[in-house]
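These numbers were taken from a predicted model, which means no experiment stands behind them.
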Amino acid sequence: MQSYFQQLAAAVCAPLAGTDRVTLYFSAEASDFIRFNHAQVRQATHVEQRYGTVSVVSGQKRASSSISLGGDLAADTEALLAERTALLEQLPLVPDDAYLLLPEAVVNTERSATGSLPTPQQLMDAVAEHAAGSDLVGFYAGGSVVQAFADSRGQRNWHSVESFLFDWCLYREKDQAVKCSYAGTAWSSAEFARRVAEARARIQLLALPPKTLAPGAYRVYFSPVAVAELLGTLSWGGFGLKDLQTGTSSLLLAHQGKAPLSPLLTLTEATAEGIAPRFQADGFTKPDAVALVRAGQMAASLTSPRSAKEYSQPTNGSHGGESPESLAMAPGSLPEAEVLQALGTGVYIGNLHYLNYSDRQACRMTGMTRFACFWVEDGQIVAPIPVMRFDDSFLRMFGPGLVVLTEHAELVPADSTYGARQLQSITAPGAIVEGFALTL
């Protein structure tokens with residue numbers, strides 16, 4: 001695949017009269033998708049796809065076009081060259097873009113991360129062996145994903161990773177289920193078996209008589225997956241320079257010092273530790289890490305090239321949406337084995353869903369508890385709780401409300417496969433928070 005891209009780039013990104021720059025952005029995947037129901041295969045699909053986006057630039061004018069590629073080098077080269085010719089003809093008609101900014105320095109990068117993924121048969125065998133007799137409902141997506149960039153100055157950036165994500169539930173009855181996931185670059189049947197066994201034990205707790213909670217403020221434990229859900233919502237307009245400059249950032253009060261975050265909280269765009277590429281579609285490369293919140297203090301914003309040009313700030317290689325792609329919350333000091341004891345009496349929250357802002361300016365979020373959430377007394381799970389709605393401010397939860405973070409942080413990759421598998425991820429520890437507002 002890399003040789004194929006290099007040959008495409010050599011042909012398409014050759015210097016072209018009438019342009020200042022020609023660029024090619026390439027994406028591809030070879031993925032297995034397997035859907036399970038009652039621990040049996042219901043759908044198995046293999047997808048291979050490739051796309052190329054060619055751009056021509058002259059001054060402040062840029063014209064771009066994206067096409068699907070078939071994998072035949074000669075045919076794909078011909079198709080991209082035809083697109084380039086058409087774009088060159090259109091370029092004089094394109095209006096100037098006042099915020100167009102392209103990199104000046106040539107920075108080459110290469111990452112080829114080979115994983116150890118299960119074959120479809122190995123995955124099916126593992127599910128049949130370890131989930132036999134249970135109603136396992138789930139979806140597996142795994143394989144290689146490639147993103148690459150080239151331009152007529154000779155810059156070349158290559159990113160290829162092999163990874164997997166298996167999301168599943170063990171269903172009990174009615175609306176009762178335990179949700180689990182297993183993701184990474186190296187599959188272990190033993191680890192999958194451990195997670196299924198843990199879910200089997202947890203699902204037995206759902207048979208206990210449920211406890212209905214009155215609306216109010218509760219001490220809660222958020223699992224790493226639940227924390228990742230909150231951080232995913234925070235990423236919608238929380239970290240971008242343009243949102244900050246236009247006063248729409250959900251973290252504006254924290255930037256202004258009106259709602260200080262906890263000194264236990266450190267958030268980083270940790271590109272070197274994630275699975276997303278360290279370059280973006282314009283050819284700008286990203287630093288290994290960008291500190292966004294450091295010990296409770298706002299440290300930096302994600303700055304796309306367009307925002308950098310508009311607000312006269314240096315770019316740190318963010319994409320146009322200025323949301324994190326490899327967001328990481330630093331862990332704390334609480335061992336996982338001591339979570340229930342540290343919680344004492346309160347609510348154990350394994351999952352959240354349907355999250356959105358209820359008041360963006362105050363960074364208030366609303367959503368629902370989901371799946372296996374429990375009432376805990378004196379460090380012991382005593383009852384499952386029905387689904388409840390919450391409405392609380394992230395600035396309060398991870399400001400004065402934050403009690404402690406767990407010492408282990410879990411990688412939670414994006415589960416979206418709409419159009420293509422995504423490489424975004426959030427790494428988060430679990431968190432104990434005081435005064436969490438359950439409203440309904």
Side-chain angles (χ1 to χ4, degrees), residues 215-218 220 222-262 265-269 290 292-293 296-304 307 318-329 347 349-371 373 387-402 405 412 414-416 418 422 424-431 433-440:
Y218 292 88
V220 300
F222 293 117
S223 74
V225 173
V227 173
E229 288 284 356
L230 294 168
L231 291 177
T233 304
L234 187 65
S235 298
W236 303 343
F239 299 108
L241 176 65
K242 188 170 185 68
D243 291 303
L244 181 61
Q245 291 288 334
T246 57
T248 61
S249 171
S250 56
L251 289 174
L252 182 62
L253 294 179
H255 278 280
Q256 295 173 340
K258 297 177 181 179
L261 292 162
S262 169
L265 182 66
T266 292
L267 294 171
T268 305
E269 173 71 323
V290 176
L292 302 172
V293 179
Q297 301 297 312
M298 302 306 301
S301 297
L302 295 176
T303 307
S304 68
S307 291
S318 175
H319 61 83
E322 298 185 333
S323 61
E325 295 186 290
S326 302
L327 184 61
M329 179 184 287
V347 183
I349 296 178
N351 296 93
L352 299 169
H353 71 154
Y354 291 150
L355 274 70
N356 208 335
Y357 288 113
S358 57
D359 183 346
R360 180 181 290 270
Q361 293 288 357
C363 204
R364 291 192 68 87
M365 300 176 183
T366 186
M368 307 290 289
T369 62
R370 190 183 194 188
F371 297 124
C373 296
V387 171
M388 296 192 71
R389 175 167 290 281
F390 72 89
D391 192 307
D392 207 342
S393 169
F394 184 93
L395 298 173
R396 192 210 63 78
M397 289 185 284
F398 287 84
L402 182 59
L405 299 169
V412 183
D415 59 4
S416 173
Y418 189 80
Q422 306 300 309
Q424 295 90 345
S425 65
I426 295 175
T427 302
V433 169
E434 196 69 68
F436 182 56
L438 293 171
T439 58
L440 184 64

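For Tyr218, there are no side-chain hydrogen bond (donor to acceptor under 3.5 Å, both in side chains) partners at least two apart in sequence or on another chain. Every ring pair (Phe, Tyr, Trp, His ring centres under 6.0 Å) that Phe390 has, sequence neighbours left out, goes to Phe436.
To the nearest 0.5 Å, the span separating CG on Leu302 from CG on Leu241 amounts to 9.5 Å. Once rounded to the nearest 0.5 Å, the distance linking CG of Leu244 with CG of Leu251 reads 9.0 Å. Put simply, OG1 on Thr233 and CG on Asn356 are 7.0 Å apart, with the number rounded to the nearest 0.5 Å. Atom CG of Asn351 and atom CZ of Phe371 lie 6.5 Å apart (nearest 0.5 Å). The distance from the CE atom of Met298 to the CG atom of Leu267 is 8.0 Å, given to the nearest 0.5 Å. Between the CE atom in Met397 and the CG atom in Leu402 there is a gap of 10.5 Å [rounded to 0.5 Å].
Of the possible polar contacts, none joining the Ser249 side chain to the Asp243 backbone as a donor-acceptor pair under 3.5 Å is found. Checked by atom type and distance alone, the side chain of Glu269 pairs as donor or acceptor with a backbone atom of Glu325 at under 3.5 Å. A donor-acceptor pair under 3.5 Å links the side-chain atoms of Thr246 to the main chain of Lys242, judged by distance alone.
More than 12 heavy atoms of other residues, nucleotides or ligands lie within 6.0 Å of CD in Gln422, so this atom counts as buried by the packing criterion.
Ala428 and Ala228 make their closest contact through CB-N, 4.2 Å (heavy atoms, listed as atom of the first residue, atom of the second, distance). Residues Gly350 and Cys373 share a closest heavy-atom pair of N-SG, 3.7 Å. Looking at every heavy atom in both residues, Leu405 comes nearest to Met329 through CD2-SD, 4.1 Å. When all heavy atoms of Ala362 and Ser393 are compared, the closest pair comes out as O-OG, 3.0 Å. Of all the heavy atoms in Pro260 and Gly257, the pair that sits closest is CD-O, 4.3 Å. The minimum heavy-atom distance linking Ser323 with Ser318 is given by the pair N-OG, 4.3 Å.
Side-chain atoms of Phe239 and Leu327, non-hydrogen and from C-beta on, do get closer than 4.5 Å to each other. Counting heavy atoms from C-beta outward, Gln361 and Ser250 have side chains that stay 4.5 Å or more apart. Within the 4.5 Å cutoff, no side-chain heavy atoms of Arg364 are placed close to those of Tyr357. Residues Leu395 and Leu261 have side chains in contact (heavy-atom distance under 4.5 Å, counting atoms from C-beta outward).
Side-chain contact, Asp391 with Ser358: a donor N or O sits under 3.5 Å from an acceptor N or O.
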Inset, instruction - Could you go through the side chain to side chain contact (heavy atoms under 4.5 Å, CB included) check for Leu234 and Phe398 one step at a time? - result: CA-CA 12 Å; Leu234 187 65; Phe398 287 84; over 6 Å; no

Legend entry - Chi angles and distances behind the side chain to side chain contact (heavy atoms under 4.5 Å, CB included) call for His255, Ser301: CA-CA 10 Å; His255 278 280; Ser301 297; 4.2 Å; yes

